[in-house]
Amino acid sequence: MDSFSSSFNSFLNHFRASANSFLSQFEPLALLLAPLLTLLVARFLQSFLSVIHEKGLKATFLGFFMSFIKLIPGVKSYVDAEKQKVVDKLHSGSKSIREKWRTDLPTTGLGVGVIDEMKDEKSKDVDWQGKCSGTVYIGGSESEGHFSLINEACSMFAHTNPLHLDVFKSVARFEAEVVAMTAALLGSKEKASGGQVCGNMTSGGTESILLAVKTSRDYMKMKKGITKPEMIIAESAHSAYDKAAQYFNIKLRRVPVDKEFQADVKAIRQHINRNTILIVGSAPGFPHGIIDPIEELGKLAYSYGVCFHVDLCLGGFVLPFAHKLGYPIPSFDFTVMGVTSISVDVHKYGLAPKGTSVVLYRDHDIRKHQFVAVTEWSGGLYVSPTIAGSRPGGLIAGAWAAMMSLGQEGSKMPF
Ligand SMILES: *Cc1c(COP(=O)(O)O)cnc(C)c1O
């Protein structure tokens, strides 16, 4: 061994010894954990910052505050108990009531006796007639007037299904007319609409919104190649957009409302990016009954080339009439540039039976992305316009009856 390598070896030994004596001050475990902890803290800060970026400072701190509060003994069990109550309600009543519910078909059928049992059950419901704003929209007694007219129309067509257009031509006509009459209230006959407005009946506001969102997503994929879609809505927009975002894998950006509780156009603009497919305005929104600035939102959507859905679920059968009566209502329909789709609930102020709504598009170029056509199925060619396959023709007939019996001015004929 030459003198260089022996002196190098002794240097190494010396270095090892002093390093060991330095490190022996620390627990080996701590040495292992320190970098891990640093990594965790960095991760936490990173996610905290990105949550702030996503939700805004206030919502983030509120969220952290709520998780902190839940650490206090008793609070979490209280919140859990309240949650359980809501879940119980969704299961219709407490466990003791549910235990009495039938779980098997009766061995011998009750025949018409079922009606008596149902009357008995109905008598236990809350007395809602004329008393449930936001739940039932038709006034008066359930056994007469507009109610019984709808009941008769529904039962007359209870066994029809517009999936089979060739068999049930009647309901095909009713659906087309309900859509056309609704569209006409919302500007379809004005020049500014482009004259191509089209749509379908659905089972309710939520389905209309789900379809409009899905259609916008696929339209924007075709038009701009967007594959990581995002949509921007005001905090006051209906929870159906959360549902749509979850169902259809779309990133949802909820933006706070302004001081007037209206959608904040400036804030929405700040969230638009190259993945934005859709912005939303409500006229009015369900939480506050406030109409968003539809014309400004339309301009914004048009200038960025993104879709714009106007949620007229609540206002679609109110605003057109208020406007005709001379109330100062800013434009809210297809006469507004940039509006690409509208949802409007016939089963709210259209005074139609529950389970009826309309989704409208500015033109067929957009709407065609709503349809699903399966050409290579062993059951044959299957084309279906909405989420359901078979659909209740009776409800379509009921909606047609509701609209036709009232007309624009209300009926002068006795029911
Ligand atoms: C009612 C309502 C909806 C949802 O409609 P459903 O018929 O309950 O599914 C969506 N948006 C607004 C503004 C509404 O008022």
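We count ligands from 1, going down the list as the structure has it; atoms in each ligand are counted the same way. Values in this document were obtained by computation on a predicted structure and should not be read as measured data.
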Short list, please: which atoms of ligand 1 are under 4.0 Å from a heavy atom of [X]?
X: D311; answer: 10 (C), 11 (N), 12 (C), 13 (C)
X: P284; answer: 13 (C)
X: H347; answer: 7 (O)

In the protein, what heavy atom is nearest to [atom], and what distance, to one decimal place, separates them?
atom: atom 2 (C) of ligand 1; value: K348 NZ, 2.3 Å
atom: atom 9 (O) of ligand 1; value: T206 OG1, 2.5 Å
atom: atom 6 (P) of ligand 1; value: G205 N, 3.5 Å

Specify whether F286 and H238 have parallel, tilted or perpendicular ring planes, treating 30° as the upper limit for parallel and 60° as the lower limit for perpendicular.
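Rings of F286 and H238: perpendicular, as their planes differ by over 60°.
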For side-chain contact (heavy atoms from CB on, under 4.5 Å), just list the numbers for F334 and L360, CA-CA rounded to whole Å, side-chain angles, deciding distance to a tenth of an Å, and then say yes or no.
CA-CA 10 Å; F334 283 113; L360 297 168; 3.7 Å; yes
Based purely on interatomic distance, does E207 place a nitrogen or oxygen under 3.5 Å from a nitrogen or oxygen of ligand 1?
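Between E207 and ligand 1 (N or O atoms, distance only) the closest approach is not under 3.5 Å.
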ring-ring contact (aromatic ring centres under 6.0 Å, His included) between F157 and F174: does it pass, once the steps are laid out?
CA-CA 11 Å; F157 290 87; F174 295 153; 5.3 Å; yes
So, R254 side chain and A237 main chain: donor-acceptor pair closer than 3.5 Å or not?
yes
Distance-only, no hydrogens or angles: does the E175 side chain make a donor-acceptor pair with backbone N or O of M201 under 3.5 Å?
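Present.
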Roughly how far, to the nearest 0.5 Å, is OH of Y219 from CD of Q370?
14.5 Å
